[in-house]
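Following: one structure in structure tokens, then a few remarks.
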Amino acid sequence: MRRILIMGATSAIAEATAREFAARGAALFLVGRNADRLAAIADDLRLRGAVQVDTHLMDARELTRYPQLVDAATQCLGGLDTALIAHGTLSDQPAAQASIEVLLDELQVNALSHMALCTELGNRFEAQGHGCIAVISSVAGDRGRQSNYVYGAAKAAVSAFTSGLRQRLHSKGVHVLTIKPGFVDTPMTAAFRKGPLWATPATVAKAIVGAIQRGTPVLYTPWFWWPIMQIIRNIPEAIFRRLKL
Amino acid sequence: MRGHGVSWGRLPGAAQQLLPVRSRHDALPDLPSMLPWGNGRSYGDSCRNDGGVLLDARALDRYIAFDPATGVIDVEAGVLLSAIIDLALPNGWFLSVTPGTRAVTVGGAIANDVHGKNHHRAGSFGHHVLGFELLRSDGTVLPCSPTENPEWFAATIGGLGLTGLIRRARLQLKRVAGPWLRGDSQRFGSLAEYIAIAAASERDWEYTVAWLDCSAAGRRLGRGIFMRANHAPAPAAGAAPPAPRGSLRLPFTPPLSAVNGLSLRLFNTLYFHRPAAAARDALWHYRPYFYPLDAIGDWNRMYGPQGFYQYQCVVPQADAERVLTEMLQRIAASGLGSFLVVLKTFGDHAARGLLSFPRPGVTLAVDFPNRGARTLALLDALDALTRSAGGAVYPAKDARMSAAAFQQYFPQWQAFARHVDPKFTSSFWRRVTGSTTQ
Ligand SMILES: Cc1cc2nc3c(=O)[nH]c(=O)nc-3n(C[C@H](O)[C@H](O)[C@H](O)COP(=O)(O)OP(=O)(O)OC[C@H]3O[C@@H](n4cnc5c(N)ncnc54)[C@H](O)[C@@H]3O)c2cc1C
Ligand SMILES: NC(=O)c1ccc[n+]([C@@H]2O[C@H](COP(=O)([O-])OP(=O)(O)OC[C@H]3O[C@@H](n4cnc5c(N)ncnc54)[C@H](OP(=O)(O)O)[C@@H]3O)[C@@H](O)[C@H]2O)c1
């Protein structure tokens with residue numbers, strides 16, 4: 001039985017992933033900031049087969065509370081093997097480029113919080129000699145674009161951070177997974193027009209669980225985002241800077 | 001979303017804005033024209049709101065509670081019937097009533113008070129609803145059951161989504177031995193024969209339904225296959241057919257309807273004469289038995305970009321043979337009918353909803369590729385027959401009945417109208433309340 005902490009458990013992608021875990025009989029510790037939604041998700045996951053589900057209220061920006069959070073999860077579940085970090089906001093790019101305050105807040109919720117939690121988990125898992133830290137970054141972190149470079153920069157930070165952490169912990173038996181979804185139809189992207197490149201949370205969730213089980217280092221999901229991002233990453237700056245992306 | 005994609009008949013129409021409802025704890029948005037949307041398995045415009053917003057309730061898909069001892073299940077309204085089966089069947093419970101597809105939501109099943117092949121035994125979906133929670137646009141939450149807010153309970157069952165958003169519901173499931181059904185099928189040569197077999201089968205068979213060959217004319221008119229079954233314990237090991245796996249899907253819409261006179265006659269003749277049409281003792285897994293069409297994803301696309309209509313009416317038993325014969329003659333003469341013609345005799349349980357469709361009589365359901373004015377003229381002619389017989393047409397399948405026809409079929413519509421949420425409306429509702437002249 002896997003004992004799993006999920007940060008941002010009310011996220012559509014996280015909930016779909018939690019259902020996959022529940023069906024496999026996992027024990028879950030759900031963290032979020034909306035008590036009603038967390039309780040509804042917890043009831044559902046119990047009926048889907050989770051052997052234990054606990055909930056915990058916390059805002060991801062409270063960076064100093066992560067040691068307490070990991071303590072609580074470890075205590076509740078009687079140990080911890082896996083963590084999924086899924087919270088995030090799709091930054092309001094015009095607002096973030098107009099205001100340093102907004103910019104800092106975005107980086108706090110989309111990057112610093114991930115780094116803080118990864119630091120805490122990394123040290124604990126290193127000490128216990130096993131564990132898996134799965135962090136949702138994004139293809140948007142692979143290259144900054146004018147339409148959302150604040151979000152992209154936060155995700156790039158998460159990708160780089162988890163890459164380094166992976167190297168550090170690889171020999172210690174700890175698996176660090178960087179998840180890079182493409183377009184996923186979730187509340188975060190409710191305002192976008194959907195097309196053939198869009199995936200459902202359920203599809204992405206299956207890929208995430210597969211990657212956790214196989215020990216994959218970096219997951220592009222759906223898979224076709226890997227070739228797409230190879231191309232986008234290799235467009236020379238002389239051309240890229242003129243594109244309207 | 002493109003307008004034709006939001007309802008099963010894929011008829012051309014205005015684009016719709018789909019606004020997801022994310023949590024059963026959220027308030028409704030403050031908008032002037034909204035309609036709940038389940039999974040778009042209604043054929044016509046009762047799940048459309050051209051020019052307005054559809055509140056996409058599919059994300060309300062959480063189980064809330066399930067008691068394997070009593071078979072009472074509490075779910076959010078966007079939970080699909082398939083998800084209920086997934087949870088309940090391994091514990092020996094099944095839906096008390098199921099329509100011919102399991103890809104419908106609980107909210108949608110309540111809002112159309114859907115029926116199944118066991119109507120003569122179990123009534124319709126609403127008979128097994130223990131209660132639900134209705135959210136009105138002014139923020140009021142009404143708990144409804146046969147004893148609590150009973151008038152809202154009656155208005156919302158079969159209420160076409162117009163009384164507010166159903167957020168959650170509690171259902172009574174039925175005990176079954178497992179996923180298997182046992183029964184038989186037999187050919188019949190006429191409507192009179194159908195009516196006799198249906199009447200004779202009601203006592204001993206929980207599920208009865210017939211398929212009709214709508215391409216047959218003259219002496220063969222009204223021929224078909226009658227199928228009946230009961231839930232059954234698992235067969236001896238090795239005797240069971242394998243549970244069906246996977247499914248096909250139609251990945252694109254052909255530029256023209258693949259349903260035409262030739263393909264129809266061919267299909268119907270082959271279907272009628274296939275050996276399984278007369279099986280003495282057949283064993284079915286519940287999936288092919290209840291949901292044969294769910295095995296072909298997006299089969300509705302085969303009617304091409306113009307989409308299709310379904311006509312489903314019920315006519316009182318006394319006149320059924322005469323009226324249905326005339327309908328079949330017209331359909332056969334028009335050459336506009338389709339693969340799927342289904343016949344079922346309803347029992348006489350009084351429905352719970354003010355606008356519920358099921359009522360005593362024989363119900364006929366026929367698909368028609370959309371060939372424009374010709375198709376509409378035929379459907380109007382069928383309506384004239386239904387009206388003269390004192391029958392009714394099913395709103396879940398309809399996209400064209402006149403206001404006068406609707407108001408005759410559903411004489412309680414004005415009592416119902418008082419319960420309509422001032423901010424809720426649908427393309428269907430605007431049409432059938434528009435004008436009282438034809
Ligand atoms: C292959 C096939 C076979 C079928 N067989 C049968 C059958 O045997 N018997 C039968 O009765 N029907 C049958 N139907 C019709 C189908 O069962 C109904 O149209 C059903 O209501 C569709 O449910 P839905 O979840 O897709 O809802 P939609 O079609 O999206 O919506 C249906 C209605 O429900 C309302 N609604 C949806 N969710 C809510 C909510 N949360 N709160 C309030 N209102 C809501 C909508 O406003 C709309 O008026 C069949 C359909 C298909 C495609
Ligand atoms: N959707 C996509 O196309 C896409 C693509 C690539 C990457 N991603 C990433 O995938 C992850 C999951 O997103 P999603 O698509 O599933 O969107 P979502 O359903 O909107 O989930 C976002 C979650 O983050 C939580 N959250 C936001 N700010 C928070 C805070 N300060 N403290 C605690 N929780 C907070 C939200 O909680 P509340 O419920 O309380 O609001 C919500 O649960 C995110 O990291 C996102 O960046 C998404």
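Below, chain A is the first sequence line, B the second, and so on; all start at residue 1.
Neither the backbone nor the side chain of A:L45 comes within contact range of chain B; no heavy atoms are under 4.5 Å apart. For B:A59, no part sits under 4.5 Å from any heavy atom of chain A, backbone or side chain. Proximity to chain B is limited to the side chain of A:A190, based on heavy atoms less than 4.5 angstrom apart.
The shortest heavy-atom contact between B:R22 and A:T10 is NH2-O, 3.2 Å.
Atom CG of B:D74 and atom CG of A:D43 lie 9.5 Å apart (nearest 0.5 Å). Rounded to the nearest 0.5 Å, atoms CG (B:D61) and CZ (A:R19) are 4.0 Å apart. Once rounded to the nearest 0.5 Å, the distance linking CG of A:L47 with CZ of B:R62 reads 13.0 Å. With values rounded to the nearest 0.5 angstrom, B:H25 atom NE2 is found 8.0 Å from A:N34 atom CG.
Ranking B:L19, B:D86, B:D26 against chain A, the residue ahead of the rest is B:D26, based on heavy-atom pairs under 4.5 Å.
Atom CH2 of A:W198 has more than 12 neighbouring heavy atoms from other residues, nucleotides or ligands inside a 6.0 Å radius. Atom CD of A:Q75 sits in a sparse spot, with 12 or fewer heavy atoms from other residues, nucleotides or ligands closer than 6.0 Å.
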